[in-house]
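The figures here come from the full heavy-atom set of this structure, side chains too, leaving out hydrogens, waters and symmetry mates.
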Amino acid sequence: MAALRTAGIPQARIQTSNLSVQPVFAPPRPEQRDGQRITGYRVSNTVSVRVEDLTKVGPLLDALVRSGANELFGVLFSVADPKQLLETARRNAVADAQGRAQTLAAAAGVRLGSVLAMHEGQADIPRPMLRSAQAMDFAPAVPVAAGEQAVRAAVTMVFQIEN
């Protein structure tokens, strides 16, 4: 947490996403009849951080590993405000579905009638993941590349068929 504050990450962009406390047991011994003995506890605090400036991600990951973070569960890239992009993707998906339906109807020798049903589904968006922190110990700096982000819409349409 101190490394995040030092890096200038606002508190509102830091969130505990998992906290776990598990007992650590002493190895069992044959003369021990009363069960395993707890010798300590293993505590894990998983934190999610939102960083908008991509140039800060690599140095921040380096700082986190240097400060003691020993597991990194990945980096997720997303579009900050996908509303307009989703609207365009939906329009394109409907136009594509209508075009495909027209092609199929023409191939079958029928005409399309009105739309009977329409359903929007979710399209999967690939999520880049980083290596574990242990593997990063040998890298001079953590390279982070956002690449392109895709905004997709999937539409299923049912048309009436006219002869």
Side-chain angles (χ1 to χ4, degrees), residues 1-97 100 117-158:
M1 295 294 216
L4 292 171
R5 285 191 297 277
T6 300
I9 305 297
Q11 187 64 36
R13 294 189 180 169
I14 303 169
Q15 181 180 37
T16 297
S17 52
N18 186 35
L19 184 64
S20 131
V21 179
Q22 298 174 339
V24 175
F25 296 97
R29 295 181 302 200
E31 69 275 2
Q32 196 175 9
R33 298 185 193 269
D34 57 350
Q36 291 184 316
R37 186 173 56 89
I38 295 175
T39 59
Y41 293 89
R42 179 175 297 120
V43 178
S44 173
N45 184 8
T46 305
V47 177
S48 297
V49 180
R50 190 175 83 219
V51 179
E52 293 180 0
D53 183 353
L54 185 60
T55 64
K56 294 181 179 180
V57 175
L60 178 61
L61 291 173
D62 285 338
L64 290 171
V65 171
R66 279 193 308 275
S67 72
N70 54 15
E71 286 188 281
L72 298 175
F73 292 104
V75 175
L76 169 67
F77 296 100
S78 63
V79 176
D81 185 12
K83 185 177 179 181
Q84 186 64 38
L85 295 170
L86 278 170
E87 187 174 307
T88 300
R90 287 179 181 121
R91 289 180 198 276
N92 292 341
V94 168
D96 183 58
R100 289 175 187 231
M118 189 177 339
H119 172 74
E120 179 182 18
Q122 279 297 79
D124 290 333
I125 297 174
R127 295 192 160 110
M129 302 297 282
L130 286 177
R131 305 171 287 171
S132 74
Q134 294 165 341
M136 286 189 246
D137 288 342
F138 302 105
V142 177
V144 177
E148 294 181 350
Q149 298 302 300
V151 176
R152 296 182 175 93
V155 175
T156 301
M157 298 178 75
V158 178

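For the pair Val151 and Ala89, the tightest heavy-atom approach, listed with the atom from each and the gap, is O-CB, 3.8 Å. Between Gln36 and Ala26 the shortest heavy-atom distance is NE2-O, 4.4 Å. Looking at every heavy atom in both residues, Val24 comes nearest to Arg42 through CG2-N, 3.8 Å. Residue Ala93 comes nearest to Ala153 through the heavy atom pair CB-O, 3.6 Å, listed as atom of the first residue, atom of the second, then distance. Residues Leu54 and Phe77 come closest through the heavy atom pair CD1-CE2, 3.6 Å. For the pair Val155 and Arg90, the tightest heavy-atom approach, listed with the atom from each and the gap, is CG2-O, 4.5 Å.
Distance alone, capped at 3.5 Å, places no donor-acceptor pair between the Ser44 side chain and the Ser20 backbone.
By the neighbour-count criterion of 12 heavy atoms within 6.0 Å, atom CZ of Arg13 is densely surrounded, having more than that number from other residues, nucleotides or ligands.
Here Thr88 pairs with Gln84, Asn92 under the side chain to side chain contact (heavy atoms under 4.5 Å, CB included) rule; sequence neighbours left out.
Taking 4.0 Å as the cut-off between side-chain N and carboxylate O, Glu87 and Arg91 count as a salt-bridged pair.
Residues Met157 and Val94 have side chains in contact (heavy-atom distance under 4.5 Å, counting atoms from C-beta outward).
Only one option out of Leu64, Leu4, Asn18 pairs with Val47 in a side chain to side chain contact (heavy atoms under 4.5 Å, CB included); it is Leu4.
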